[in-house]
Every structure is written in structure tokens, then in C-alpha cells.
Protein chains: 2
Amino acid sequence: MDFYKFYLLFYRNVLYSSKIKNFFDFQLKNLIFVIRIVDIARKANVSPTTVSMVLNYPAEYIPVGEETSQKVLRVAQQLGYCRNDIARAMVTGKSRMVGFVMPSLQEEYVSLILEGILGGAESSGFFVKVLRAPPPKEIHKTIQQWIQMRPSGFICTNLEKSVMDEIHALLARCQIPLVTVDNSFIQPNGTYVISDDVQGIHQAIEHLAALGHSRIGFISGSPQEAWAIRRAEAYQKAMSKLNLSVPEGYLQCIKGKWRDGIDAVVRSLLMRSDRPTAMACAGDWMAMAVIRTAWHLDLHVPRSLSVVGYGNLLFSELTAPPLTTIAQPFAEMGLNAMQHLTQQIEQKKSSALESPLIQHFPTRLVVRESTGPVAKSISHATEF
Amino acid sequence: MDFYKFYLLFYRNVLYSSKIKNFFDFQLKNLIFVIRIVDIARKANVSPTTVSMVLNYPAEYIPVGEETSQKVLRVAQQLGYCRNDIARAMVTGKSRMVGFVMPSLQEEYVSLILEGILGGAESSGFFVKVLRAPPPKEIHKTIQQWIQMRPSGFICTNLEKSVMDEIHALLARCQIPLVTVDNSFIQPNGTYVISDDVQGIHQAIEHLAALGHSRIGFISGSPQEAWAIRRAEAYQKAMSKLNLSVPEGYLQCIKGKWRDGIDAVVRSLLMRSDRPTAMACAGDWMAMAVIRTAWHLDLHVPRSLSVVGYGNLLFSELTAPPLTTIAQPFAEMGLNAMQHLTQQIEQKKSSALESPLIQHFPTRLVVRESTGPVAKSISHATEF
DNA sequence: CTGTTAGCGCATTCAC
DNA sequence: GTGAATGCGCTAACAG
């Protein structure tokens, strides 16, 4: 509505010292946006500088007289002033906005990390922009667009290597801080918040071994995912450390999207004559799928099959039976990442570290009801 | 590093026509941020306006000669120019950023909606800022902060009434478009993207009734949540429409946070002599909890108890047994909300509608394995 | 087709 | 303590 524009100009340029300006001030309160610092200044008969100081300086020390200060505050309130943070960001060069880059929100842990980041951002006065990683061929253009908004920093999680590399390179060039919540591709000069998969998988396998299981299978994700490879390897290491053998086919990687095919894979594994008495999984949803397949095969969990998940997502205590799993403190990790980022933004320096800064969060075994001692009676004793 | 500032000023004010400027141009490429339109203009010997048009106008019609245009593009590339969208937003008054306000990301459906919003935002060139609704007493101050960043619009979901009202009032005053993905508190002049809970609950109850169930219980959420009340009422209506009675205690509302207490409530309901043969739930996680409790009580699902969820979240096909549930197209709803918002932003007008604009998405029954025909043999036939 | 000019709203010198 | 002046990087209006 262009009337507003005219009205505004009229008000600002003509009416400031008119007798009827109070009426217009009243009208103006309905256009919050449009009140500027100079409007307050003119109405309060002080300089814009003074107004700016009163409104933005820390309350303890405002180099302005008490009386003036009060007057300014009153007028600002009365006119319904609303600071324009865009203009502010431009002139200060600080947008107080961080980008969170992730592949998709479909995985619950991403939400948990984001939740943590939001907590940290709120307490340090940042906003969080959510960004989805594009396919590798568009990555350069997309990052360019992200940078155009001049964010104060970025947090990444679970991206492909090519995407990660590109982000690293471009952000380093622009001196934008970056924190990664992921231990897939550690660069020599980055900041990383991780929880150790090797430790976590060891905890899972050791828990099963302590319950007497020796035939322990493992389900991991697509071999294109860094975490899937890492956890599969951790499984093999843990097994050999405990002197347990890994028969052919006990380690399965689910290819493709996560729903597809897992049932068939688990089913064939559980129908072997030397079927595992326990299954560890690289993710909670895989553990759920295993329990589901066991249910279909009338295998009782945990009497005939123990199952361990990985992640301790919210629903993992709601499964039947409640899932024993490895907890990763995603929210804390997100919070921590945000704190590191804030720190790097404030003291613009640590962008050129000598060695990577790695913040390590321990995993924790959460024992619920999906694991139990190996059942001697139904185990294939003859094979031992 | 203050050397850069000096260097920059030196470059800009002294070196432009110097003989060694190519050397400095080369150096400057490492400071992407710092290249402005005027730098390109000076180097290419054209006016800033020309550069601006070449870089920003739609490629079809750039009112600039082909030769000039190419030169500008080449110089921009060579200097590594990166547009400053903050400055752009200030002068155009369009930040191309929308805020998504939600209570928490803990509920999976919020992530799904956000995913849809992101899809819409990417294709129309918006960024999405994620905002958590504060406690009601801080709401005014917080919204003020949100507005300071001059977002182009907001999308809300599942907020408390007091928060919703405040948002409505403040945004209307600032003429900021708002779309709500929720049908809790319909205001006379808002835009809403909803899926009809009444319809969905009816589908669930009818499905159970069609399987022969007549003793159908219902678990809903805290009576402080609008959706919980709505779905509970829909249950009662559906039951009476089907001429089924709702015995005392068949309708339970889970108070407090969602993990607490649900087991005890479900347990007492399932241990009654006239226990329900089927349970409908106001959310998938409640259905999971019911299945879990049934598992603990050695009640077979679906032979002894049928269970219907609500939401069709990702994990609902991974439960044991896979969950029959009502699908709500959250991602599509998010996308649709974003489209409506975009439209309102572009043609800045529909903010003052006569009547609310309500976009309605149908729910859909997804039959899996947690529901089955009522078992005559074990039902308490004497009671009929 | 191209260039000149004037702001957008704010924060930061530096005078007084 | 307060005010005047300058500029952040960009776009838009208008003039050539």
C-alpha cells in the first residue's frame, strides 16, 4: 500500500515540528517497523548518537545523563521502536546468525543435535539458519549462497566427504568459523565435537559378551556412509579383541535407503542354522528392524535373541521390549559445538589452528530389556 | 587482524590506477568478502549500476551490452566477488528469510514439517530460521527479537494459545505474513494448513469397529494440549456415532511429559476384567507404549489386543508388530505452508483476509500388523 | 544503453 | 555528556 510510503515521508519531512504531530505519532505506532533512531532523537530533542547509546550500551555504563536516558527510553517505548538488526548487522559486520548444515532431518539424532545448538544459540544471542546439504554437483553454488548472507559461523554434521571438503575450503578462504559434529573426516585444522564410535561399539559388544554371547552378529549401514564403515570396523576389532570369531555373513551392511531390504537381510541371518544369539546394530532403527523381524519369526527377544541398538533415540525406550542401546549425548554435543563456535566468533582467531581441536563425548551403555543371558538350552551346543 | 583493514583502504583509495594493481588484485582474491560492486566497476571501467544490473537482473533481459556484460562477469569472477545479502536486504527491505516457530524438535512430526518447509524455501530462494517458542512470560520480548531481524514471514506449529495470540497480534501490527500448520486456535483472519483430526480419529475407530471390536479404549495426551483434547473428543464422537459405549476409564489422558506414567495407566486399563480388545491412540509413540505394556503383560498384539497409532512417523513401520496408524502428510503440509507464505510475501496483501484461509490435508489409514479381528474365543463374551 | 546521485538505518569516530 | 559527520554495500530513480 503506497499510501504508507507517502504518509511516512510526509510525517518525517514535514510534520516533525507541527502542532498536530502527537496525532501522527499515535498513528505511527501502528507501523512499528518504520520508526528509526532519528525519529526518536528528533522527538526527544536529542541527537541520534545519544539515542543509539541509550538503547544499545550495557545498562551499567551508559555515558548519558539519567534524565536524558529516561526521556529517550520513554519516547522509544511510546513510538514502538523496533531496532533494525539488518542495518545493524551491515554496519557492524556481525550478523549473529549461524548456519546448521545437515543432510536431512529424517534422522532423529540430527534433530537432537539441532535442539542442543538452539539452546546454546539462545543463550548467546544467535539465530540458527537450517541448511540442507545439496547434491555434490551443486555444492559450490549453494555454499556461495549461504555465504552471501554473511553468517557468523557454521556447524556441520554427517556430510559427504566431497561436500565437507568444499565447505572447509570456502569457509577458510572467507575466514568463517566452522565446527563439525562428526568424526568422519578430520581435517588438520578444524574443530570437531565427536563421540567415539569405537568405544561405543566396544561397550555394546562387551555387554553382550558379558552375558555369555559368543555368536554376535552386526548390522551396519550403507558402506558409502563413513559412520557405517567405522562402526563395522569397530565391531570387527571388538570381536577379535574378545577372541570371538565373526563367521561369514555375521556382518551385514544395509545398502540403499534405510527401509529397504533390511528385513530380508536380517531374516536370512536369523534363519541360519548357526544363527547369532545376539545382534548388535549401528543404529537404533536397525535394532528395531531386527526386533520386528524376530517377532515375525517368533523368536523371543531377549530369550532367544539379544539385540543392542546404537544412539538411544527417544523412541528406544518405547519398543517392545525396551531397547538396550548405546547412548550418545547428542543434545550436549550440539550445545558444545555451539559454544565452541561462539568462542571462535568472539575471538576471531582460532580459525588457523595448528592441530585439530577435538572435543570428545563418551558414550554410555543403557541396559533395558532387549538383552539377556544366552539361553544354554536353545543354543546350538553341538557346534562348540 | 587489522593489517587487512589498512591494506584494504590502501588498495581501494590509492592503488586503483597504479601499475602494480594486478598484484594486489591477486592478493585480494583471498579476501572474498571484501570485494564490492564498486571495486568491480572501477576495475572494469564501468559504473556500479551497470555491474549491479549484470549481476542481479534475470539473465533474459539485462539492459546492458553483451560486451560490457561479459567484461563485468569476468572481472567479478576474477576478483572472487561475493554479494553481500545483508546490505541487499537492508536496501530492498526484503530479507528473504522466514522463521519457523515450534515448541521443540523432540517430536518427530515437527522435523517432518520443517523438512517440507525447507523444500519449499529452497525452491523459492528463502532461508529458514528455526525458533523455539519461549515460556509465555518471555514471549513478548522474544518475538520482539525475532522481528528485529526483519524476517519476511513466519510459520508456526503447535504453540500454546497465549503464545499464538501474542504472535498473531504483533505480526499483524508489523504486517508480517504468518501461516500456521495447526488447527488448534483458528483466528478469524489467519492462514492455516491442517489435517483434520476428527476425520483421522474416525478412520481409526471405524477400522477397529470393522474388525469387530466394540470395546475400544483411547489414550490421549495432556489435557493442556489442544490436539489432545480435540482427538479425545473426536474419539467420543466416533464411538457414539458407531453406537459403541465408552465405559468409565476407557478414555485416558496422559498428563505431564510424555514418558512419565503412561505405562501405569495402560497397565491398569489392560488388567481390567473388561479390558478393551483394541486401543486407539492420539499419537504413534503412545501406541508404541501400549504395545510395550502389552508385551510386558504377555498380551499378543494383534491377537489379544489391536493397537492403532496416529501420525505414521518414520519408526511406525519398524515396531514389532508394524503399527497400523493414521498418516498425516506432514512434509507436504510444511511445503504447502511455505508456498502459502511465499505467496503472501510476494503479493503483500492477503494479510487482511475476511475469513481464515484453511488448507485441508486428508488423513489416511495405513493398515499394518498391529490390528486384527477381535478374537471371539478370548473376548469376554458373557458381557454382551 | 550507461552514469550520477541519493539514500536504506545504524554505529563509530571525533569534535565540542 | 552530547552532537555532527562519515560510511557500511547496495539499489533505485532519474538523467544523459
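Since we're looking at a predicted model, the values are computed, not measured. Order of the sequence lines sets the chain letters (A, B, ...), proteins ahead of strands, with each chain counted from 1.
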Show the atom names and distances, to 0.1 Å, of all donor-acceptor pairs under 3.5 Å that link a side chain in residues 66-74 of chain A to residues at least two apart or in another chain.
from	atom 1	to	atom 2	distance (Å)
Glu66(A)	OE2	Gln70(A)	NE2	3.2
Lys71(A)	NZ	Ala44(A)	O	3.2

Which residues satisfy the side-chain contact (heavy atoms from CB on, under 4.5 Å) test with Glu166(B), sequence neighbours excluded?
Ile139(B), His140(B), Ile143(B), Leu170(B)
Closest approach of Phe127(A) and Gln145(B), non-hydrogen atoms and distance?
CZ-O, 3.8 Å
Please report the distance, rounded to the nearest Å, between OH in Tyr57(B) and C1' in dT11(D).
8 Å
Rounded interatomic separation in angstrom, taking CE from Met90(A) and P from dG7(C)
15 Å
Roughly, in whole Å, what's the span from CG in Asn45(B) to P in dT2(C)?
13 Å
Under 3.5 Å, is there a donor-acceptor pair linking the side chains of Ser52(A) and Thr49(A)?
no
Sorted by chain and number, sequence neighbours left out, side-chain contact (heavy atoms from CB on, under 4.5 Å) with Met164(B) holds for Cys156(B), Leu159(B), His168(B), Leu178(B), Thr180(B), Phe185(B)
Does Gln187(A) form a side chain to side chain donor-acceptor pair (under 3.5 Å) with Asp165(A)? I'd like the steps, not just the answer.
CA-CA 9 Å; Gln187(A) 296 258 352; Asp165(A) 287 346; 2.9 Å; yes
Return no unless some side-chain N or O of Thr50(B) is found under 4.0 Å from OP1 or OP2 of dT2(C).
no
Between Met53(B) and Val91(B), who's closer to the 5' end of DNA chain C by nearest nucleotide?
Met53(B)
On the nucleotide dT2(D), are OP1 or OP2 found under 4.0 Å from the side-chain N or O atoms that Thr68(A) carries?
yes
Just do the side chain to side chain contact (heavy atoms under 4.5 Å, CB included) check on Thr142(A) and Leu131(A) with the steps written out, would you?
CA-CA 10 Å; Thr142(A) 309; Leu131(A) 306 166; over 6 Å; no
What closest approach, in Å, do Arg150(B) and Arg83(A) show between heavy atoms, and which atom pair accounts for it?
NH1-O, 3.1 Å
Within the structure, does a side-chain N or O atom of Tyr81(B) lie under 4.0 Å from either OP1 or OP2 of dC10(D)?
yes
CD1 of Ile40(A) versus P of dG3(D): gap in Å, rounded?
14 Å
Could you check how far CZ of Arg88(B) sits from P of dT11(D), rounded to whole Å?
5 Å
Nearest-Å distance for atom pair CD1/P, residues Ile37(A) and dG3(D)
14 Å
To the nearest angstrom, the CZ-P distance between Arg83(A) and dA11(C) comes to 7 Å
Which of these nucleotides, dC10(D), dA11(C), dT2(C), is closest to any side-chain atom of Asn56(A)?
dA11(C)
Using the C1' atoms of five pairs at each end, what's the angle between the two axes of the helix from dC1(C)-dG16(D) to dC16(C)-dG1(D), to 10 degrees?
40°
Side-chain contact check for Asn84(B): nearest option of dG9(D), dT11(D), dT2(C) is dG9(D)
Non-neighbouring partners of Ala337(A) that pass side-chain contact (heavy atoms from CB on, under 4.5 Å), sequence neighbours left out:
Ile155(A), Val179(A), Val181(A), Val193(A)
Closest to the 5' end of DNA chain D, once Val46(A) and Asp85(B) are matched to their nearest nucleotides, is Val46(A)
Whole angstroms only, please: what is the NZ-C1' distance between Lys94(A) and dC10(C)?
15 Å
Is the shortest heavy-atom distance from the side chain of Phe126(A) to the side chain of Leu341(A) under 4.5 Å?
no
Could you list all N or O pairs between the protein and nucleotides 4-6 of chain D that sit under 3.5 Å apart?
from	atom 1	to	atom 2	distance (Å)
dA4(D)	N6	Thr49(A)	OG1	2.6

